Structures are given as structure tokens and as C-alpha cells.
Number of protein chains: 2
Amino acid sequence: MTARPDRREQIVTVSRGLLEGDGRDALTMRNVASEMGIKAPSLYKHVKNRGEIETLLSERALAEIGGELAAAEPGLESFARVYRAWALANPELYRLATSTPLDRESITEGVEQSAEAPLLDALGSDRDRARACWAMAHGLVMLELDGRFPPGADIDAAWRAGVSAMISG
Amino acid sequence: MTARPDRREQIVTVSRGLLEGDGRDALTMRNVASEMGIKAPSLYKHVKNRGEIETLLSERALAEIGGELAAAEPGLESFARVYRAWALANPELYRLATSTPLDRESITEGVEQSAEAPLLDALGSDRDRARACWAMAHGLVMLELDGRFPPGADIDAAWRAGVSAMISG
DNA sequence: GTCTATACCCGGATAGAC
DNA sequence: GTCTATCCGGGTATAGAC
């Protein structure tokens, strides 16, 4: 009952902190170990290698996004709001989870689908449009995270325009 | 008149080859130098550091995309086709050019705008929708490059659905 | 399950001779 | 403008003792 997380869980936690705090390059075995108060070689008793840590993080990220989307009220506006908010609150984790090749074997079944379902509901099960819509959200998020919009750009307005086009188009 | 490129130009060329051929990690000073038949320290007589090479590559990429978009026939369908085709033909360079923070000081003036203009034309100068549309294209490309669509997904259809929504929405 | 020690690899960048 | 020599840093991962 005591809230002592096991080592794997702790690895995920400190890895996430390092990633979000100091960027992807900070996610090294040495840093993770150091944050846990142990030495790097000891980590290999708990995870296979660095890649497994990233997989665990991606899994966690996808589960969180999926959970929030599933819990949100239906509709595209709500989807957009929740999706964007999560990404901006967890920029490095979002990047990691979406730009990694995603080995579908090791990812928990259904996690990917649960992130997709709300979108399908909002668009009358139109798979193609759902994918376009997902891509638009992903693109808007990435461009924002990467500082790709011109300085004065009204990003809110771009989201509104996109969502509205997807709904009424 | 002889087609002997100067060193900077040569650096861009071999860097591009390394990047596209072996991925981003292959873009090292040692590799670039080796491809040129010289030693790594010599590169510093021509470029300031590795970052400058990446900037040069980004500049080149943006100029190329902008050029192709400007030369294409007007309309959103054409934009989509050209944009996607360039990205798929130059995946690593596309990634580099779009996911780097883009230091606007050192980038040639107007390069960014020229890539944006065709989109504005196609959408009646609606800036917000143009940005949403750009984001959708970027998102579709990134998801495809990162192998993020499910195995059987019809990516062509997703593009069509997205473009059609953006036009008629 | 943690440690120390270590092997191995890689990278960016500079100094100074030629 | 190129070289050699070198410094400095970093990383993943394993072996074997405790």
C-alpha cells in the first residue's frame, strides 16, 4: 500500500521529467540513473536498453492522450482543444511519442485505436476525413511546437478555420 | 564556366547525400569531410560549425519547395500533389527543414513567404485557412514519413478528403 | 540489485605546422 | 586551405565482485 513505486515506474517518471525538462538529448542512461540515485549500469537490471525506456514513454503518452480524448465531450472543437492542450503541456513527450516509428508489437493493444475513436465519432465514421483531421491537428501542433508560425500569427484562428472546414466541408 | 563547385556548395551537396542516404545521424563533420576527400578540421575554413551546414540545407530545401510550388499550376489539388511529392522524394531533408527552429535572421528573405503564397492564392487570401491547410499537408506528410498510418491505410484517400474539405468547407 | 571498472564507440572543435 | 595531433566531451553496454 505504501506509495513506493517499483523501479520501472520510477524510470518512466524520471525519464519523463528529464525529457520534458531538458529535452530529448537529456534522456540518457547516465542521467536517468543519476536522478534515481543509482549508477547507469544498474538500469539494465530493469530495462533492456534505452530504446525500451522510450517505448514505455510513448506508450504512456498515447494512453494519456487517448484517455483525455475519450473523456472529453464529443465533437471536433472539443477534440481540438484537448489534443492541442495536451501537446502543449507535454511538448517533448508529444514529439517523442509521435515521431518514433512506433513498434506495434510492443505497444499495448488498443491504445492507438482509443486515440482515434473520438475523431471517428465526430466525423460520422469517415475514416479518410478522420485521418486528414488528425493530420491537421498533428501538423498544427508540430508547427506550433517548432516555432514555425510567423511571429504575429493567430494560431487560435488557424485552428478555428481548420476545424470549421473539416466540419462543414 | 567549368563546373567545379566551390567548397561551400560541395559541402551542401555531400551533406545532402549523407542526410538522405544514411539519415540524420550520418551528418557529421567527419563524414562530410570524408566524402569530400579531406579531413574534418578543414571544414572549419568554410563553415562556422555543424549548425551552419544544417542551416544551409534548410535554406536549400525551402527554396526548392517554394520554387516547385510557385511553378505548379494553381489550385489546392496541385499544391497537395507537389508538396507531398517533394517531401516523399526528400524525406530527411524535409524533416530537417521543417523541424528545426528556423533562425529567421540567417534565412534568405522571402524564401518562407514564397512557399506560402501559392496556398494563399488557392484559398482566396484566407490566412487562417491557409495555415490550417499547410498544417494538414505537413501533418499528412510527417505521419506518412514516420510510418504512423495503420498498415492498410489509404493515404491518397486521406489527402483527397482533406483537400476537398478545405476547398468546400 | 547495486556497485566499480572498463571496453568500446562516437561526436565537435582547436592549435599549430606546412 | 589542408594537414596531424590532440583535447574534450559524450554515449551504450558488459563483466564480475559484493
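Computed from a predicted structure; not experimentally measured. So that the names make sense, note that chain A is the first sequence line, chain B the second, and so on, each numbered from 1.
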Please name the residue in the list Thr13(B), Ile53(B), Leu56(B) that meets the side chain to side chain contact (heavy atoms under 4.5 Å, CB included) test with Arg8(B). Leu56(B)
Judged by each residue's nearest nucleotide on DNA chain C, which is more toward the 5′ side, Arg50(B) or Lys45(B)? Arg50(B)
Span of DNA chain D, from the first to the last nucleotide whose atoms fall under 4.0 Å of chain A heavy atoms: dG11(D) to dT14(D)
Using salt bridge (charged side-chain N to carboxylate O under 4.0 Å, His left out) as the criterion, list what pairs up with Arg60(A), not counting sequence neighbours. Glu9(A)
Pairs flagged by ring pair (Phe, Tyr, Trp, His ring centres under 6.0 Å) wherever residues 146-169 of chain A is involved - sequence neighbours left out: Phe149(A)-Trp134(B)
Leu120(A) reachable from Met166(A) in the ILVMFWY side-chain graph, under 4.5 Å edges: no
Residues passing the side-chain hydrogen bond (donor to acceptor under 3.5 Å, both in side chains) test with Arg95(A), sequence neighbours excluded, are Asp146(A)
If the condition is side-chain hydrogen bond (donor to acceptor under 3.5 Å, both in side chains), which residues does Glu144(B) pass it with, not counting sequence neighbours? Arg84(B)
Side chains of Pro74(B) and Asp121(B): closer than 4.5 Å at any heavy-atom pair? no
For the pair made of CG in Asn49(B) and C1' in dG11(C), what is the distance, rounded to whole Å? 14 Å
CD of Glu52(B) versus C1' of dA13(C): gap in Å, rounded? 15 Å
Got a sec: does the CG of Asp156(A) have more than 12 other heavy atoms crowding it under 6.0 Å? yes
Does any residue of residues 13-41 of chain A have a heavy atom under 4.0 Å from DNA chain C, and if so, which ones, in number order? Gly37(A), Ile38(A), Lys39(A), Pro41(A)
